[in-house]
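Keep in mind the model is a prediction, meaning the values are calculated, not measured. Atoms considered below: every heavy atom in the structure, side chains included; atoms not considered: hydrogens, waters and symmetry mates.
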Amino acid sequence: MAKTNTSEAIEKLAAEIGENVYIDIAKWHLYLREAHLHTALAERVYPMLQNNSLEESKVLQILSDLPVKIGGKREIPLADLIPTASQVNLMDILEEYQRKM
């Protein structure tokens with residue numbers, strides 16, 4: 001039962017992230033939902049929210065550790081693709097989500 005609730009919570013968080021956080025590729029905004037990166041990110045940040053231990057430095061480390069395949073040949077850390085404004089938006093989403101838990 002708890003796993004189902006956790007899965008639903010992660011899906012809800014992923015949806016929020018996917019609709020509001022984007023990567024910037026040649027001035028194109030590609031939302032994480034469209035890039036299929038929202039769920040992986042939500043799964044990695046959710047434990048921090050659950051433990052009430054959200055810290056920007058930890059989120060930035062997660063973004064740095066999450067590889068994004070480019071052209072099938074190269075991987076770039078997600079942190080390098082998300083502009084500062086979108087990172088701020090991500091932190092706002094995570095803070096609000098944690099408050100509601």
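There is no path of hydrophobic side-chain contacts, each under 4.5 Å, that joins Leu78 to Trp28. Residue Val21 is grouped with residue Ile25 when hydrophobic side chains (ILVMFWY) are merged at heavy-atom distances under 4.5 angstrom, including chains of intermediate members.
With contacts defined as side-chain heavy-atom distances shorter than 4.5 Å, the pair Ile62/Met48 qualifies. Contact of the Asn20 side chain with the Leu32 side chain is not registered, since no non-hydrogen atoms from C-beta on lie closer than 4.5 Å. Residues Leu37 and Leu41 are not in side-chain contact: their nearest non-hydrogen atoms beyond the backbone lie 4.5 Å or more apart. A heavy-atom distance below 4.5 Å is found between the side chains of Gln50 and Thr6. Between Val45 and Leu13 there is a side-chain heavy-atom pair separated by less than 4.5 Å.
Under a 4.5 Å side-chain heavy-atom criterion applied to ILVMFWY residues, the cluster that includes Tyr22 comprises Tyr31 as well.
Applying the salt bridge (Lys or Arg N to Asp or Glu O under 4.0 Å) definition to pairs two or more places apart or across chains, none involves residues 14-35. Within the structure, ring pair (Phe, Tyr, Trp, His ring centres under 6.0 Å) contacts touching residues 33-78 (residues at least two apart or in different chains) do not occur. Pairs engaging residues 64-93 under the side chain to side chain donor-acceptor pair (under 3.5 Å) rule: Gln61-Asp65 [sequence neighbours left out].
The line from CD1 of Ile17 to OH of Tyr97 is 9.0 Å long, rounded to the nearest 0.5 Å. Here CD1 of Ile76 is found 4.5 Å from CD1 of Ile70. Values are rounded to the nearest 0.5 Å.
Partners of Asn51 by side-chain contact (heavy atoms from CB on, under 4.5 Å), not counting sequence neighbours, listed by chain and number: Ser53. Applying the side-chain contact (heavy atoms from CB on, under 4.5 Å) rule to Glu43 yields the partners Ile10, Thr39; only residues at least two apart in sequence or on another chain are considered. With sequence neighbours excluded, the residues satisfying side-chain contact (heavy atoms from CB on, under 4.5 Å) with Ser57 are Glu55. The salt bridge (Lys or Arg N to Asp or Glu O under 4.0 Å) test applied to Arg99 returns Glu96, not counting sequence neighbours. Looking at residues two or more places apart in sequence or on another chain, you find a side-chain contact (heavy atoms from CB on, under 4.5 Å) between Glu56 and Leu60, Met91.
The two residues Ala40 and Leu66 come nearest to each other via the heavy atoms CB-CD1, 4.2 Å. Taking all atoms of both residues into account, the shortest heavy-atom contact from Leu94 to Leu49 is O-CD2, 3.5 Å.
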